[in-house]
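Below is one structure; the comments refer to it alone.
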Amino acid sequence: MKKESLQKMRELLSITDGDVAKKLNEIILIETVNPSSKFNWYNYVDKEVTRPATRGIYHERGYKVATDSYILIAEFCDYANELEGKILSKDGTFIDRRFPNWQAVIPSDEKRVGSVKIDFDRWKQIYKQYTADKKLGCQYNYTKVGNRFYNVELFHKFVAWMKHIGATELFENSDSKSRIMATVVCNNNNVGLLMPIYRSDDNVKYYVW
């Protein structure tokens, strides 16, 4: 929706009440959180009904946050004041649940153990080969990037996030319990976290980065 159209809807909302006003407000919230663009925030929310808190987009202290339990993304941006501290579902309604402490899982810079520069054109070729192999029924489900293995579909979503925030470098991280994580950070404000697949060269077929 264009900004001009959104403004007209806000003007209409100011002179409308009842159920019509409620529906208009839901539409405005949807367009505010996920405006028409190639990047869709709701592709990164959880699809499991057993985890309702992560089935929407959370808003906290200027951050818009989404996670599907495998990927977490957080963007520092402007949003309507009424969204603060709330989880907005795809249909424009609020989810009355407590969102997980997402900042607690973001590793500090001291935990970086390596980095990989991402060639988006190269990844496009790999993903194209993956989709072709999938149609033939002989797909490989993983890709090796740097020293880590990732599910191809998840990594493809992560690449879309990197493009969205203008990041080109993926940082490999490890915590004190030896759990391995991959993080991308842009301008110290926007952050994405991708969990790898625990596999080795000996027991899995994969696409080589």
Side-chain angles (χ1 to χ4, degrees), residues 33-58 64-75 87-91 99-100 102 105-107 113-175 179-186 190-209:
V33 174
N34 199 48
S36 299
S37 66
K38 291 183 179 180
F39 186 81
N40 188 341
W41 273 81
Y42 287 100
N43 286 339
Y44 296 79
V45 303
D46 209 330
K47 304 301 187 295
E48 294 293 331
V49 295
T50 55
R51 295 190 289 266
T54 53
R55 287 175 60 83
I57 300 170
Y58 181 54
K64 188 164 60 173
V65 189
T67 182
D68 60 4
S69 300
Y70 299 99
I71 296 175
L72 182 146
I73 59 174
E75 182 177 9
I87 306 168
L88 186 67
S89 67
K90 191 174 182 179
D91 65 5
F99 199 81
W102 64 275
V105 301
I106 305 299
V113 294
S115 64
V116 182
K117 192 81 170 179
I118 302 301
D119 183 334
F120 295 133
D121 290 333
R122 171 61 178 149
W123 176 251
K124 185 177 180 180
Q125 294 173 2
I126 292 174
Y127 193 73
K128 183 178 181 181
Q129 184 62 53
Y130 162 79
T131 54
D133 291 344
K134 187 175 181 179
K135 290 180 180 179
L136 294 174
C138 56
Q139 72 194 78
Y140 297 163
N141 293 319
Y142 309 104
T143 182
K144 187 178 182 182
V145 182
N147 297 312
R148 308 286 181 257
F149 292 95
Y150 303 95
N151 174 278
V152 173
E153 295 289 354
L154 291 177
F155 191 75
H156 191 61
K157 287 173 62 175
F158 201 63
V159 166
W161 167 249
M162 293 179 68
K163 289 181 178 180
H164 176 68
I165 63 174
T168 59
E169 191 171 12
L170 182 150
F171 298 100
E172 297 175 346
N173 298 268
S174 178
D175 67 11
R179 291 190 310 150
I180 305 300
M181 295 175 285
T183 305
V184 56
V185 179
C186 179
N190 308 318
V191 58
L193 179 71
L194 171 64
M195 297 303 295
I197 302 296
Y198 297 94
R199 295 290 187 273
S200 71
D201 290 1
D202 299 328
N203 64 8
V204 65
K205 294 181 179 179
Y206 57 90
Y207 294 95
V208 180
W209 179 258

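Here the closest heavy-atom approach between residue Thr183 and residue Pro107 is recorded as OG1-CG, 3.4 Å. Considering all non-hydrogen atoms of both residues, Val45 and Lys47 come closest at O-NZ, 3.1 Å. For Ala74 against Trp102, the heavy-atom pair with the smallest separation is CB-CZ3, 3.6 Å. Of all heavy-atom pairs spanning Ala182 and Tyr150, the tightest one is CB-OH, 3.1 Å. Across all their heavy atoms, Cys186 and Ala167 have their closest contact at CB-CB, 4.1 Å.
A 4.5 Å side-chain heavy-atom check between Phe171 and Ser115 finds at least one atom pair inside the cut-off. Between Trp41 and Leu88 there is no side-chain heavy-atom pair separated by less than 4.5 Å. Between Trp161 and Val184, the closest side-chain pair of non-hydrogen atoms falls below 4.5 Å. Side-chain contact between Thr143 and Trp123 is present, with heavy atoms from C-beta onward closer than 4.5 Å. Side-chain atoms of Val152 and Tyr127, non-hydrogen and from C-beta on, do get closer than 4.5 Å to each other. Contact of the Leu193 side chain with the Val191 side chain is not registered, since no non-hydrogen atoms from C-beta on lie closer than 4.5 Å. Between Thr131 and Lys135, every side-chain heavy-atom pair lies at or beyond the 4.5 Å cut-off. In this structure the side chain of Arg55 reaches within 4.5 angstrom of the side chain of Val49, judged on heavy atoms.
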Start with the C-alpha distance between Val185 and Ile106, add both sets of side-chain angles, then the distance that settles side chain to side chain contact (heavy atoms under 4.5 Å, CB included), and finish with yes or no. CA-CA 10 Å; Val185 179; Ile106 305 299; over 6 Å; no
Stepwise side chain to side chain contact (heavy atoms under 4.5 Å, CB included) check, Ile118 with Phe158: CA-CA 11 Å; Ile118 302 301; Phe158 201 63; over 6 Å; no
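Expressed to the nearest 0.5 Å, how far CG of Leu194 lies from CG of Leu170 amounts to 7.0 Å. To the nearest 0.5 Å, atom CE of residue Met162 and atom CG of residue Asn190 are 12.5 Å apart. Here CD1 of Ile165 is found 9.0 Å from CD1 of Ile73. Values are rounded to the nearest 0.5 Å. Interatomic distance, Lys90 NZ to Ile57 CD1, rounded to the nearest 0.5 Å: 10.0 Å. A distance of 12.0 Å separates CE of Met195 from CG of Asp68, quoted to the nearest 0.5 Å.
A donor-acceptor contact shorter than 3.5 Å links the side chain of Glu172 to the backbone of Asn147. Distance alone, capped at 3.5 Å, places no donor-acceptor pair between the Lys157 side chain and the Tyr44 backbone.
No more than 12 heavy atoms of other residues, nucleotides or ligands sit less than 6.0 Å from atom OH of Tyr140.
Side-chain contact, Gln129 with Asp133: a donor N or O sits under 3.5 Å from an acceptor N or O.
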